[in-house]
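All remarks here apply to the structure that follows.
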Number of protein chains: 2
Amino acid sequence: MADGKAGGTKGGQALLFLTDEQLRKGIEAMFFAYRGFTADPDRILEKYGYGRAHHRALHFIGRAPGTNVNNLLGILGVTKQSLNRVLRTLIEDGLVESRIGVQDKRERHLYLSETGTALEAELSEAQRARMRVAYREAGHEAVAGFRRVLEAMMDPDQAAYFNAMTNRGE
Amino acid sequence: MADGKAGGTKGGQALLFLTDEQLRKGIEAMFFAYRGFTADPDRILEKYGYGRAHHRALHFIGRAPGTNVNNLLGILGVTKQSLNRVLRTLIEDGLVESRIGVQDKRERHLYLSETGTALEAELSEAQRARMRVAYREAGHEAVAGFRRVLEAMMDPDQAAYFNAMTNRGE
DNA sequence: CACTTTAAGTCAGCCATGTTGACATTCCAA
DNA sequence: TTGGAATGTCAACATGGCTGACTTAAAGTG
């Protein structure tokens, strides 16, 4: 492990010899890329006085309309107090609607309002635009590889949420 | 842009048709993967009472020993006040050494001490281990694609730092 | 030499977002 | 009917961003 080399096989793939240096470059690539990844939404959010936490909530509510708070907590991996603070401002500002559950009245089902949908779309389009450019520059096969590595990097329970995410369209 | 499809060519690659849904999955993959990416170091840092900001400083000082504060500010993209707070504790705790420049005595050159090197190694190994597993699971070609997409996702000035990073070993 | 600029550090204060812990309310389900 | 789950809320605190103002020392420049 400490000798700077590692080999392995999987599914008939050729042996992979990875130096610590190659791994480090991957780590740094993640660091710098994630900054680029969040830069555009951050600029938009600033205009409205929101932060990344608001973006995440808007994204996943938009993604799974009618989701309840507990489910959102699992996806976002924060405490309910943290999420609640964000959710409260979004509801107060009329971006998110919280509807009491029909079957289970303890649950609140979350939906984006018209303005919430609009902001989510603005944020999402900015982020998709960057992703689109990166995908085009990198090419078709690179995209598949990108996704495979990212999935393998997730914690298993996180990956479960990821795969449970609406798979329509793919 | 809003019709959910986008095509493009680059360097003789086949046309890429990307639905908004595919782009969204990429966005979510980044979100979940980055969480996995930081999870192991975060657990280690907690033991020592440090945060992610300390990790980043340790990483890049270890990466470019003798770097000065200004350079580090550019890499990390934070204010000097933010960096200074982190750096001060690392110096007080004896993990980082700050040496006055020889040619330019205004500059401070930063080095990891023995204990600093040890902690950096512990953090780095944890992160490399996850990267190694992900790389092996995804396979050789996936790794190349992963790196290509990440590079294309960076802001240009960030990419410059990334490429200027010591390229030894690759 | 005098002046300006640069590198670094510091202080004070603000904000966003994470955490714990304690507690109230509602209400399903055994 | 009672226990526990889901939700919401309050208080308090930590981390790590930020701005603005200011100092010190050294380097560069007319």
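A, B, ... follow the sequence lines: proteins, then strands. Residue 1 opens every chain. Side chains are part of it too, since the values below use all heavy atoms of this structure and drop only hydrogens, waters and symmetry mates.
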How many Å lie between CG on N84(A) and P on dA11(D), as a whole number?
-> 14 Å

Ignoring backbone atoms, establish whether N70(A) has a side-chain N or O less than 4.0 Å from OP1 or OP2 of dT7(D).
-> yes

S98(B) side chain, from C-beta outward: closest of dT19(D), dT7(D), dG9(C) | dG9(C)

dG16(D) C1' sits how many Å from R35(A) CZ, rounded?
-> 14 Å

State whether R99(A) and E97(A) are salt-bridged, where the test is any N-O pair (Lys NZ or Arg NE/NH1/NH2 against Asp/Glu carboxylate O) under 4.0 Å.
-> yes

Rounded to whole Å, CD of E92(B) lies from C1' of dT10(C) at a distance of 13 Å

Return yes if the base of dG21(C) and the side-chain atoms of Q81(A) contain a donor-acceptor N/O pair under 3.5 Å, otherwise no.
-> yes

Does a nitrogen or oxygen in the side chain of N68(A) sit under 4.0 Å from OP1 or OP2 of dA6(D)?
-> no

Picking from dT10(C), dG17(D), dG18(C), which would you name as closest to the side chain of V78(B)?
-> dG17(D)

What does E46(A) touch in the nucleic acid at a heavy-atom separation under 4.0 angstrom: a base, only the sugar-phosphate, or nothing?
-> nothing

Donor-acceptor pair present, R85(A) side chain and dG8(D) base, under 3.5 Å = no

Provide, to the nearest angstrom, the distance between the CD atom belonging to E107(B) and the C1' atom belonging to dA25(D).
-> 13 Å

Could you tell me whether D155(A) and R130(B) have a side-chain N and a carboxylate O separated by less than 4.0 Å?
-> yes

Hey, any chance I27(A) and L123(B) share a hydrophobic cluster, counting ILVMFWY side chains that come within less than 4.5 Å of each other, even indirectly?
-> yes

E28(A) and R63(B) ion-paired at < 4.0 Å | yes

Want to settle it: does V102(A) or V86(A) sit nearer the 5' end of DNA chain C, counting the closest nucleotide to each?
-> V86(A)

Take the protein atom CG of L58(B) and the nucleotide atom P of dG16(D), then report the distance between them rounded to whole Å.
-> 12 Å

Can you find a side chain N or O atom of S82(B) that sits less than 4.0 Å from OP1 or OP2 on dC18(D)?
-> yes

Taking N and O atoms by type only, does the side chain of R106(B) place a donor or acceptor under 3.5 Å from a partner on the base of dA27(D)?
-> no

When the distance from CG of L83(B) to P of dA7(C) is rounded to whole Å, what number comes out?
-> 15 Å

Is R128(A) paired with D40(A) through a side-chain N to carboxylate O contact shorter than 4.0 Å?
-> no

Pair of N/O donor and acceptor under 3.5 Å linking dT26(C) base with K105(A) side chain | no

Does the pair R132(B)/D20(A) count as a salt bridge with the N-to-O cut at 4.0 Å?
-> yes

Reckon H54(B) has a side-chain N or O less than 4.0 Å from the OP1 or OP2 of dT15(D)?
-> no

To the nearest Å, how far apart are R108(B) CZ and dT24(D) P?
-> 14 Å

Under 4.0 Å between any heavy atoms, over every strand shown, what does R52(B) touch: base, sugar-phosphate, or nothing? Just pick one.
-> sugar-phosphate

Once you round it to whole Å, what is the distance between P of dT24(D) and CG of D104(B)?
-> 19 Å

